K.L.:
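To start, I am sharing the structure in question, which I have written as structure tokens.
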Number of protein chains: 2
Amino acid sequence: MADQEKNRISVEIYGHSYKMVGTESTGHMRLVASIVDDKMREIRVHNPSLDSSKLAVLTAVNTVHELLKLKEQVEELEEELKKLKG
Amino acid sequence: MADQEKNRISVEIYGHSYKMVGTESTGHMRLVASIVDDKMREIRVHNPSLDSSKLAVLTAVNTVHELLKLKEQVEELEEELKKLKG
């Protein structure tokens, strides 16, 4: 990745500015930031007393849960493909 | 999900206690919590000056990025399966 050009943008998540740096497109980085912002606001609706740090931790918790479920799905699909290719 | 029994546990993430409630197994919930804890500590190594709130937001950002990549992979695998099944 060292010789790939890096994109740098500033995004706003839950009222705070963050600098994002990466080889992904700025569009992808903005999408990720807006998803995190949305998720934090959604969790706040159900937990209005939580401070922003705990809200962010619960956002990470929910996302890791989704990630594990999706990893299971990838494994199942790969298994099915393997059988079909036989 | 209303008639499914819910599990309730207390987990520790980055030095704070969180109550988790869900229909998932307590093992799954503990795994999710430990992944978030690990990710926060890993991000702190590279960003020692960040406060815990920003660390948690960056953890959520990284996880959402992984989630989007995995969703692309699921779509590709489903497309491949569809072609093979004709």
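The shown structure was predicted, so the numbers you read here are calculated from the model rather than taken from an experiment. The sequence lines fix the lettering, A, B, ..., with proteins before strands; numbering per chain opens at 1.
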K.L.:
For A:I13, which atoms come within 4.5 Å of any heavy atom of chain B: side chain, backbone, both, or neither?
P.N.:
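For A:I13, side-chain heavy atoms alone lie under 4.5 Å from chain B.
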K.L.:
Verify the cluster assignment for B:Y18 and A:L68: are they in a single hydrophobic cluster under the rule of side-chain heavy atoms below 4.5 Å apart?
P.N.:
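Yes.
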K.L.:
Would you say the side chain of B:V11 lies within less than 4.5 Å of the side chain of A:V61, judging by non-hydrogen atoms?
P.N.:
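Not in contact.
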K.L.:
Give the member of A:M40, A:H16, A:H28 that has the highest number of heavy-atom pairs under 4.5 Å with chain B.
P.N.:
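Of A:M40, A:H16, A:H28, A:H28 has the most heavy-atom pairs under 4.5 Å with chain B.
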K.L.:
At a 4.5 Å cut-off on heavy atoms, which part of A:M20 comes close to chain B: side chain, backbone, both, or neither?
P.N.:
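Interface part for A:M20: side chain.
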K.L.:
Is there any residue in residues 74-85 of chain A with a non-hydrogen atom under 4.5 Å from a non-hydrogen atom of chain B, and which ones are they?
P.N.:
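Within residues 74-85 of chain A, the residues under 4.5 Å from chain B are A:V74, A:L77, A:E78, A:E80, A:L81, A:L84, A:K85.
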K.L.:
Can you say whether A:S17 sits under 4.5 Å from chain B via the side chain, the backbone, both, or neither, judging by heavy atoms?
P.N.:
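A:S17 touches chain B through backbone heavy atoms alone.
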K.L.:
For residues B:L70 and B:V32: do they belong to one hydrophobic cluster (side chain heavy atoms under 4.5 Å, members Ile, Leu, Val, Met, Phe, Trp, Tyr)?
P.N.:
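No, it is not one cluster - the side chains of B:L70 and B:V32 are not joined through contacts under 4.5 Å.
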K.L.:
Which one, B:L67, B:D51, B:V36, leads in non-hydrogen pairs under 4.5 Å with chain A?
P.N.:
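Result: the option with the highest number of such pairs is B:L67.
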K.L.:
Quick check on A:K39 against chain B: is it the side chain, the backbone, both or neither that has a heavy atom closer than 4.5 Å?
P.N.:
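A:K39 touches chain B through side-chain heavy atoms alone.
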K.L.:
Heavy atoms under 4.5 Å from chain A: which residues of residues 52-59 of chain B carry them?
P.N.:
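Within residues 52-59 of chain B, the residues under 4.5 Å from chain A are B:S52, B:S53, B:K54, B:A56, B:V57, B:L58, B:T59.
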